[in-house]
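Reading through the structure tokens given below for one structure.
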Amino acid sequence: MTYDIAAVRAQFPALEAGSAHFDGPAGTQTPRPVIDAVAEALANPLSNRGRVTTGERNAETIVAEARRALADLLGADPAAVVFGRSATQLAYDFSRTLAKTWTPGDEVVVSRLDHDANIRPWVQAAAVAGATVRWADFDPATGELTPDHISAVLTGRTRLVAVTAASNLIGTRPAIAEISRRVHTAGALLYVDGVHCTAHAHIDIDRLGADFLTCSPYKFLGPHLGVLASRPEILETLRPDKLLPSPDADPERFEFGTLPYEFLAGTRAAVDFLAGLDPSARGDRRKRLAASFVALERYEDSLRLRLEGGLASFDGITVHSRAAHRTPTLLLTIAGRDTADAHRFLAARGVDAPSGSFYALEASRRLGLGDTGGLRVGLAPYTSADEVDRLLNGLSDFLRKPVTHL
């Protein structure tokens with residue numbers, strides 16, 4: 001199919017303001033069907049879940065539809081889809097729950113490529129349990145985190161490995177399926193941060209071999225929310241802290257307090273929107289999602305190549321996103337320039353590309369960028385070729401701008 005970018009962009013009211021958004025890795029803009037779904041949920045009767053009143057039944061329907069939608073998106077069982085406030089909150093909740101089974105001498109593996117939300121909860125939980133933390137490195141020259149990097153820190157005492165499916169800083173997509181094979185051979189569980197990857201690739205939790213996988217709908221056109229997918233037989237073995245009268249059935253016993261029903265309605269709509277990116281796709285929602293992500297990856301890769309070709313013509317720009325398999329997310333530094341200045345310069349011209357380390361502190365430090373990071377450029381389903389050219393023209397103007405020193 002030909003990716004109809006004009007039709008896609010027409011669904012995003014925020015784009016009418018005129019800015020070119022390269023800030024999608026921090027949160028995407030929202031299409032009209034998602035906005036309408038949130039409004040419709042709030043406009044109709046809504047109350048705590050139940051089977052008696054219309055409001056109760058509406059809440060039940062919204063939750064069930066959202067679980068099925070996320071199960072279709074991730075290749076999961078709806079009975080093992082858990083909702084939370086954010087992926088960070090879910091990592092903290094599950095790290096505390098899993099740590100109840102750890103004893104002194106047990107080991108937990110985290111990676112220097114990851115967002116801190118998939119590092120610090122495990123480090124802190126290990127400290128409470130008396131477990132040892134072992135660090136998996138990555139190659140700063142290539143941006144690659146390989147299965148061998150993980151194998152190097154696996155032992156017979158490893159209980160859990162936490163690793164990203166795609167770096168939110170430089171886009172690297174590790175070979176999770178092979179990492180999973182090695183982790184499971186060592187007798188450990190695998191917790192995968194899928195937040196950045198889910199926005200760009202078709203996810204199949206079974207093919208990846210993840211025991212737990214998290215994502216955040218606001219990174220793929222939906223509302224601010226966190227989602228964790230697992231398998232029912234794994235959730236059944238866990239005992240989270242919970243209120244006495246709250247449900248004791250899975251997955252509800254991992255969800256604390258009343259769910260944000262309107263955001264769940266919006267999340268279902270976001271999944272449906274993604275499934276419609278290829279209008280010619282047929283079959284159930286899972287099959288349409290697979291076809292639509294093929295179309296999206298091809299489109300985003302074409303824009304990434306256009307962007308990389310333009311950047312290669314500039315002197316003084318270093319692109320730190322170099323892995324062979326990666327998302328369309330580029331981290332740039334500029335010789336003799338502060339990328340925070342580039343961020344402000346571009347923003348004044350209606351081009352939104354933020355600067356920082358974006359909570360990937362360990363990765364930024366390993367790249368030699370300290371806590372400062374660089375300018376992050378992220379492509380999204382609504383990014384156009386014209387916007388890529390606007391970004392390149394803006395960077396060209398910035399590079400010609402005289403350097404001022406205080």
Side-chain angles (χ1 to χ4, degrees), residues 25-26 74 80-138 145 150 153-154 157-169 174 176 179-180 183 188-198 205 208 210-219 224-231 234-235 237-242 251 253-257 357-366 371:
L74 304 174
V81 172
V82 177
F83 295 116
R85 185 179 71 253
S86 66
T88 301
Q89 175 247 308
L90 287 165
Y92 269 111
D93 289 343
F94 275 80
S95 65
R96 285 189 287 261
T97 298
L98 287 162
K100 293 178 181 180
T101 67
W102 303 342
T103 58
D106 286 342
E107 297 177 353
V108 176
V109 172
V110 295
S111 102
R112 297 201 184 277
L113 185 65
D114 273 70
H115 186 291
D116 212 55
N118 203 33
I119 296 176
R120 217 56 50 188
W122 305 107
V123 170
Q124 292 165 353
V128 172
T132 299
V133 174
R134 294 173 67 86
W135 290 83
D137 202 0
F138 72 97
L145 185 154
I150 299 296
V153 289
L154 292 176
R157 295 303 302 269
T158 305
R159 302 298 304 276
L160 180 132
V161 174
V163 69
T164 187
S167 164
N168 73 305
L169 189 67
I176 295 297
I179 288 172
S180 170
V183 168
L189 294 170
L190 180 64
Y191 191 102
V192 176
D193 176 355
V195 171
H196 184 65
C197 193
T198 306
I205 188 172
L208 290 176
D211 298 299
F212 307 93
L213 183 140
T214 55
C215 65
S216 299
Y218 75 101
K219 302 296 178 75
H224 288 78
L225 197 69
V227 180
L228 179 142
S230 183
R231 294 194 300 276
I234 291 179
L235 293 186
T237 68
L238 305 180
R239 293 293 173 265
D241 293 330
K242 57 177 282 298
R253 64 196 177 101
F254 294 93
E255 297 167 341
F256 308 125
S357 55
F358 308 101
Y359 285 80
L361 284 177
E362 299 292 343
S364 182
R365 291 168 180 173
R366 187 69 180 94
D371 294 355

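The figures here come from the full heavy-atom set of this structure, side chains too, leaving out hydrogens, waters and symmetry mates. The model shown is predicted, which means the values in this text are computed figures rather than measured ones.
For V81, the side chain to side chain contact (heavy atoms under 4.5 Å, CB included) partners are L70, A71, A76, F83, V227, not counting sequence neighbours. Not counting sequence neighbours, the partners of E255 by the salt bridge (Lys or Arg N to Asp or Glu O under 4.0 Å) test are R67. With sequence neighbours left out, A91 forms a side chain to side chain contact (heavy atoms under 4.5 Å, CB included) with P121, Y191. Among residues two or more places apart in sequence or in another chain, the salt bridge (Lys or Arg N to Asp or Glu O under 4.0 Å) test is passed with R85 by none. Residues passing the side chain to side chain contact (heavy atoms under 4.5 Å, CB included) test with D116 are I119, R120, sequence neighbours excluded. Take S364 and apply the side chain to side chain contact (heavy atoms under 4.5 Å, CB included) test, not counting sequence neighbours, and it matches L169, S357, L369.
With D211 contributing its side chain and I234 its backbone, the two residues share no donor-acceptor pair below 3.5 Å. K219 places a side-chain N or O within 3.5 Å of a backbone atom of P25 that can act as its donor or acceptor partner. Side-chain N or O atoms of R159 include none that pairs as donor or acceptor with a backbone N or O of D106 at under 3.5 Å. T158 contributes no side-chain N or O that, together with a main-chain N or O of L160, makes up a donor-acceptor pair within less than 3.5 Å.
To the nearest 0.5 Å, the span separating NE2 on H196 from CZ on F358 amounts to 11.5 Å. With rounding to the nearest 0.5 angstrom, the OG atom of S167 is 14.5 Å from the CZ atom of R112. Considering CZ of R239 and CZ of F254, their distance stands at 8.0 Å, rounded to 0.5 Å. Residue C197 holds its SG atom at 8.5 Å from CG of L213, rounded to the nearest 0.5 Å. Note that CG of L113 and CZ of F138 are 5.5 Å apart. Values are rounded to the nearest 0.5 Å. One finds the OG1 atom of T164 at 7.0 Å from the CD1 atom of I176 (value rounded to the nearest 0.5 Å).
Taking a 6.0 Å sphere around OH of Y359, one finds it holds 12 or fewer heavy atoms contributed by other residues, nucleotides or ligands.
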Checklist entry - Does the pair T198 and L74 meet the rule for a side chain to side chain contact (heavy atoms under 4.5 Å, CB included), with working shown? => result CA-CA 8 Å; T198 306; L74 304 174; 4.1 Å; yes

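Minimum interatomic distance between S230 and L235 (heavy atoms only, all atoms of both residues): CB-CD2, 3.9 Å. Scanning all heavy atoms of the two residues, the minimum distance from A99 to A129 falls at O-CB, 3.9 Å. Contact detail for N168 and A360: the closest heavy-atom pair is OD1-CB, 3.7 Å. Among all heavy-atom pairs drawn from G194 and C215, the shortest one is O-CB, 4.2 Å.
The residue from V161, I150, V109 that alone fulfils the side-chain contact (heavy atoms from CB on, under 4.5 Å) condition with L190 is V161. None of R253, R96, K100 except one satisfies the salt bridge (charged side-chain N to carboxylate O under 4.0 Å, His left out) rule with D241; the exception is K100.
Ring orientation note: the planes of W122 and W102 are tilted relative to one another, at an angle of 30° to 60°.
The closest side-chain heavy-atom distance from T97 to D93 is not below 4.5 Å. In this structure, D193 and H115 have side chains that are in contact, with non-hydrogen atoms separated by less than 4.5 Å. Using a 4.5 Å cut-off on side-chain heavy atoms (C-beta onward), W135 and V110 make contact.
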